[in-house]
Every structure is written in structure tokens, then in C-alpha cells.
Amino acid sequence: MRLFFGLQLPAHWRQALANQAAALKKAGVKGTFTRPENYHLTLVFLGETERAEAAKRALRQVKGTPFPLRSAAPGCFSKKGGDIWWLGVEPSSALIDLQHSLETRLRAAGFPLEERPYRPHITLARRVKGPSELLGRVDLPPQEALIHQLTLFSSERVDGVLRYLPLCHQSLM
């Protein structure tokens, strides 16, 4: 099972991101665009594992209080098979502390995790072919939401469509 931890985005964020993706497509950007129902902010990626119960236990140990999540500028990760275009998220201390706490719990539970620094972003499209100057067309009004919970997701193909399915939530109080 392919697992990751993240934050679900409110409907108004998903709609705004879908509108921007449509504008990029109209401008001629080619790539694999994220489905609107799959927009999320990843906190920790586990990848393939059969340890869903251990992941749920680690999630239940994470404590925190609700905090505001704010959008930031778009950007891109350059990749050989095509770039990844994303919308940035402000790395507030509450977000970074929460991500670090989750990572610490997962390491203590024996999960192997990536070593690269955490860079909060929401993926708009993968395998993008085209000039990154078109990222300037991402004219998303600033978005903000109060985050109340963390989610453990599974990444699965359902009828040939990639879906991120919530498995477990942890409330922030």
C-alpha cells in the first residue's frame, strides 16, 4: 500500500487551484495535472508499506493546535522526465513544527524517511513540458484556511484513476 500524511485542502482552495490548472492548460501547458479532488499538502511521504497500523499509531501521537495555512508563490522542481509545477505554502512555524513532530514519531516507529529538507507545496502538475515562464500565469489570489486535522492517505488506482483516499485523521486541539 502506498501511504503518505498530509493536509486536506478546503473546497475553495481546490476550486481556485482547478481554475489555475485550466488556465495553464489553455495557455498550452502539457503535463499530468492533479485532479481537483486530489489536491493536498504532503507532510511526510512513506511510499510502499504494509505498516498502515503502525502509521496510524504514529499519527495518533502527534499533538498540535489548529493553525492558519497560507498560499505562497508558485514554483517548479526540474526533473528529467518533465518538471513538477506547484503552488507554494508559507512555511509557518506551526506547520514546520507539526511536520517535524510527525517525522520524529515515524522515525521512532522505524519508518525510513527522506533526508531532504521539507518544502511545503501543493502539486499542480507533473511531467510538465514547456517553458517555466508560464508559471507566471498562475495568478491565484492569496488563499488561507484554518487547519484542524492531519490525514493519513493511501494512493490507489480506482477504475484506472489515481485517488488519494483518507485512511485516518488526527484532530488538532
Side-chain angles (χ1 to χ4, degrees), residues 1-52 55 59 69-91 95-96 99 102-103 106 111-145 147 149-169:
M1 180 178 294
R2 192 172 173 93
L3 301 177
F4 67 92
F5 294 89
L7 305 178
Q8 291 180 302
L9 299 176
H12 71 275
W13 275 51
R14 291 191 315 270
Q15 185 59 55
L17 291 165
N19 292 344
Q20 289 307 304
L24 289 170
K25 289 177 191 176
K26 189 174 181 180
V29 174
K30 303 286 187 220
T32 304
F33 283 82
T34 302
R35 297 172 57 81
E37 62 271 19
N38 286 347
Y39 287 127
H40 68 281
L41 174 64
T42 299
L43 295 172
V44 177
F45 179 75
L46 293 181
E48 288 294 329
T49 181
E50 294 304 319
R51 299 185 58 213
L59 178 62
L69 187 71
R70 293 182 184 93
S71 62
C76 117
F77 298 129
S78 296
K79 301 282 185 181
K80 280 187 180 181
D83 296 340
I84 297 173
W85 286 14
W86 45 265
L87 177 69
V89 172
E90 286 185 13
L95 173 61
I96 298 304
Q99 189 275 339
L102 178 58
E103 209 172 56
L106 291 165
F111 285 96
L113 303 178
E114 296 178 327
E115 293 297 328
R116 61 183 164 184
Y118 179 63
R119 201 154 165 206
H121 66 279
I122 300 161
T123 301
L124 299 172
R126 290 178 172 80
R127 293 182 286 288
V128 175
K129 303 283 187 193
S132 59
E133 302 84 59
L134 289 176
L135 264 174
R137 294 192 183 233
V138 176
D139 187 27
L140 192 67
Q143 300 293 309
E144 185 170 325
I147 298 300
Q149 70 181 9
L150 311 176
T151 302
L152 172 62
F153 292 91
S154 70
S155 174
E156 301 176 24
R157 291 232 172 247
V158 179
D159 297 327
V161 176
L162 182 63
R163 304 231 186 250
Y164 299 148
L165 306 173
L167 297 179
C168 180
H169 302 287

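These numbers come from the heavy atoms of this one structure, side chains and all, not from hydrogens, waters or symmetry mates.
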With a 4.5 Å cut-off on side-chain heavy atoms, are Arg70 and Gln143 touching? no
If I compare all heavy atoms of Leu162 with all of Ser155, which pair ends up nearest, and what's the gap? CD1-OG, 3.3 Å
Looking at Pro141 and Ser71, what are the two nearest heavy atoms and their distance? O-OG, 4.3 Å
Using a 4.5 Å cut-off on heavy atoms from C-beta on, say whether the side chain of Phe77 contacts that of Asp83. no
Which heavy atom of Leu167 sits nearest to which heavy atom of Ser154, and what is that distance? CD1-CB, 3.8 Å
Would a 4.5 Å heavy-atom cut-off, applied to side chains only, mark Phe153 and Thr42 as touching? no
Between Phe45 and Arg2, does a side-chain contact (heavy atoms from CB on, under 4.5 Å) hold up when you go through it step by step? CA-CA 9 Å; Phe45 179 75; Arg2 192 172 173 93; 3.4 Å; yes
Note: Ala73 and Trp86 closest approach over all heavy atoms is O-CZ3, 3.8 Å
Mind checking the CG-CZ spacing from Leu102 to Phe111? Nearest 0.5 Å is all I need. 10.0 Å
Any donor-acceptor pair under 3.5 Å linking the side-chain atoms of His169 with those of Gln149? yes
Just by distance, do the side chain of His121 and the backbone of Arg119 share a donor-acceptor pair under 3.5 Å? yes
Chi angles and distances behind the side-chain contact (heavy atoms from CB on, under 4.5 Å) call for Leu43, Phe4: CA-CA 8 Å; Leu43 295 172; Phe4 67 92; over 6 Å; no
Is there side-chain contact between Trp85 and Thr123, with heavy atoms separated by less than 4.5 Å? no
Is it true that Glu156 and Arg163 have a side-chain N and a carboxylate O under 4.0 angstrom from each other? no
Whether Lys25 side chain and Gly31 backbone form a donor-acceptor pair below 3.5 Å: no
Between Leu124 and Thr34, does a side-chain contact (heavy atoms from CB on, under 4.5 Å) hold up when you go through it step by step? CA-CA 6 Å; Leu124 299 172; Thr34 302; 5.6 Å; no
From Leu3 atom CG to Leu165 atom CG, the distance as rounded to the nearest 0.5 Å: 11.0 Å
Listed by chain and number, what are the side-chain contact (heavy atoms from CB on, under 4.5 Å) partners of Arg14, not counting sequence neighbours? Leu9, Ala11, Tyr39
Tell me the closest heavy-atom pair linking Ala55 and Leu152, and the distance in Å. CB-CD2, 4.0 Å
Non-hydrogen side-chain atoms of Cys168 and Thr151 separated by less than 4.5 Å: no
Quick one: does Glu144's side chain get under 4.5 Å of Leu69's, heavy atoms only? no
Give the C-alpha distance, both sets of side-chain angles, the deciding distance and a yes or no for side-chain contact (heavy atoms from CB on, under 4.5 Å) between Lys79 and Ile84. CA-CA 7 Å; Lys79 301 282 185 181; Ile84 297 173; 3.9 Å; yes
Under 4.5 Å between any side-chain heavy atoms of Leu106 and Phe5, yes or no? yes
Find out whether Leu113 and Leu46 are in side-chain contact, i.e. whether some heavy atom of one side chain is under 4.5 Å from a heavy atom of the other. yes
For Val44 and Gln99 the tightest heavy-atom approach is CG2-NE2, 3.8 Å
